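Read the structure below first, then the notes.
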Amino acid sequence: MIECKIMKFDELGEQSDIEVSYSFQETPFGKCLIGFIENENTQKAVCYLSFTDNNENEILKNLKTKYSDAKFTEEPKKTKELIDDIFYKDTSRNVTPVQVLLKGTEFQMQVWEALTKIPMGTLTTYEKVAKSIDKPKATRAVANALKANQIGYLIPCHRVVCKSGCNKFGWGVQRKVNMQEFEVQYLKNEKPLKE
């Protein structure tokens with residue numbers, strides 16, 4: 001489906017005029033708010049992707065708080081193109097990486113990068129993620145980093161489950177299950193699932 005290219009917020013350099021383009025869009029998992037930052041080469045880096053269940057004002061406020069120094073522009077056309085690239089583009093022949101811009105603590109970013117290495121259609125545990133970043137006793141901290149993730153689906157928290165079977169997810173357990181099933185189905189069909 002997609003390949004993520006990770007970029008950290010501090011790699012943007014000395015930019016005092018950061019502009020976040022955003023809008024609400026439909027996805028296979030319901031409505032989301034997506035935000036991106038475009039660099040001087042017009043490459044878009046997703047900086048926010050959060051799913052909404054009738055809490056649009058709250059989610060927009062979260063985005064604006066996370067990037068409090070930025071200018072915000074509503075861009076429905078550009079964000080629709082990005083959503084199509086993420087969820088609907090047929091990448092069976094050519095994978096174009098979607099850039100993701102991470103903003104968080106060093107530990108959070110380490111966890112989020114580890115999540116992008118979990119193969120699509122597979123599940124792992126918080127314990128295994130902690131071990132993969134050489135912090136085997138940091139299971140609870142890993143869970144907190146997943147909870148702080150604000151780039152849903154692209155930073156695939158939905159691929160992490162508790163070894164006890166508990167299946168928590170900030171955007172709802174059913175949405176998590178739907179994401180897991182979507183990926184398994186995609187791998188079976190090796191084609192996009194757009195109607």
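What's counted below: heavy atoms across the whole structure, side chains too, no hydrogens, waters or symmetry copies. No experiment lies behind these values; they were computed from the predicted model shown.
The distance from atom NZ of Lys163 to atom CD of Glu127, rounded to the nearest 0.5 Å, is 4.5 Å. To the nearest 0.5 Å, the span separating NZ on Lys77 from OG on Ser23 amounts to 13.0 Å. For the atom pair CD (Gln108) and NZ (Lys147), the distance works out to 12.0 Å, reported to the nearest 0.5 Å. Distance check: Leu146 CG to Arg159 CZ gives 12.0 Å after rounding to the nearest 0.5 Å. Rounded to the nearest 0.5 angstrom, Thr27 OG1 and Arg175 CZ are separated by 7.0 Å. Atom CG of Leu49 sits about 15.5 Å away from atom OH of Tyr22, to the nearest 0.5 Å.
Looking at every heavy atom in both residues, Ile37 comes nearest to Cys47 through CG1-SG, 4.1 Å. Here the shortest heavy-atom pairing between Val46 and Ile151 reads O-CD1, 3.7 Å. A pairwise comparison of heavy atoms in Gln110 and Ile133 identifies NE2-O, 3.5 Å as the closest pair. Scanning both residues, Val20 and Gly35, for their nearest heavy atoms gives CG1-CA, 4.3 Å. Nearest approach of Ser50 to Trp171, heavy atoms of both residues: OG-NE1, 3.0 Å. The nearest pair of heavy atoms linking Gly104 to Met109 is O-CE, 3.3 Å.
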Worksheet entry | Worked check of side chain to side chain contact (heavy atoms under 4.5 Å, CB included) between Thr79 and Phe24 | CA-CA 8 Å; Thr79 55; Phe24 288 93; over 6 Å; no
Discussion item. Quick one, Val129 with Val111, criterion side chain to side chain contact (heavy atoms under 4.5 Å, CB included). Give me CA distance, side-chain angles, the key distance, then yes/no.
Written reply: CA-CA 7 Å; Val129 174; Val111 171; 4.2 Å; yes
Practice prompt. Applying side chain to side chain contact (heavy atoms under 4.5 Å, CB included), run through Ser132 and Ile118 and close with a yes or a no.
Written response: CA-CA 10 Å; Ser132 78; Ile118 302 168; over 6 Å; no
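Aromatic ring centres of Tyr153 and Phe87: separated by under 6.0 Å. Aromatic ring centroids of Phe29 and Phe182 lie under 6.0 Å apart.
No hydrogens or angles considered: a donor-acceptor pair under 3.5 Å links the side chains of Asn55 and Thr52. Inspection of the Gln174 and Asn178 side chains reveals an N or O donor paired with an N or O acceptor under 3.5 Å.
Under the 3.5 Å distance criterion, the side-chain polar atoms of Gln25 are matched with a main-chain donor or acceptor of Pro76. Side chain of Trp112 to backbone of Ala145: a donor-acceptor contact under 3.5 angstrom is found. Side-chain atoms of Gln180 come within 3.5 Å of backbone N or O of His158 as a donor-acceptor pair. Under the 3.5 Å distance criterion, the side-chain polar atoms of Asn149 are matched with a main-chain donor or acceptor of Ile155.
For the pair Lys64 and Phe72, the distance from NZ or CZ to the six-membered ring centre is under 6.0 Å and the angle to the ring normal is within 45 degrees. Note that Lys66 lies outside the cation-pi zone of Tyr48, set by a 6.0 Å cut-off to the ring centre and a 45° limit from the axis.
For NZ of Lys128, the number of neighbouring non-hydrogen atoms (other residues, nucleotides, ligands) closer than 6.0 Å is 12 at most.
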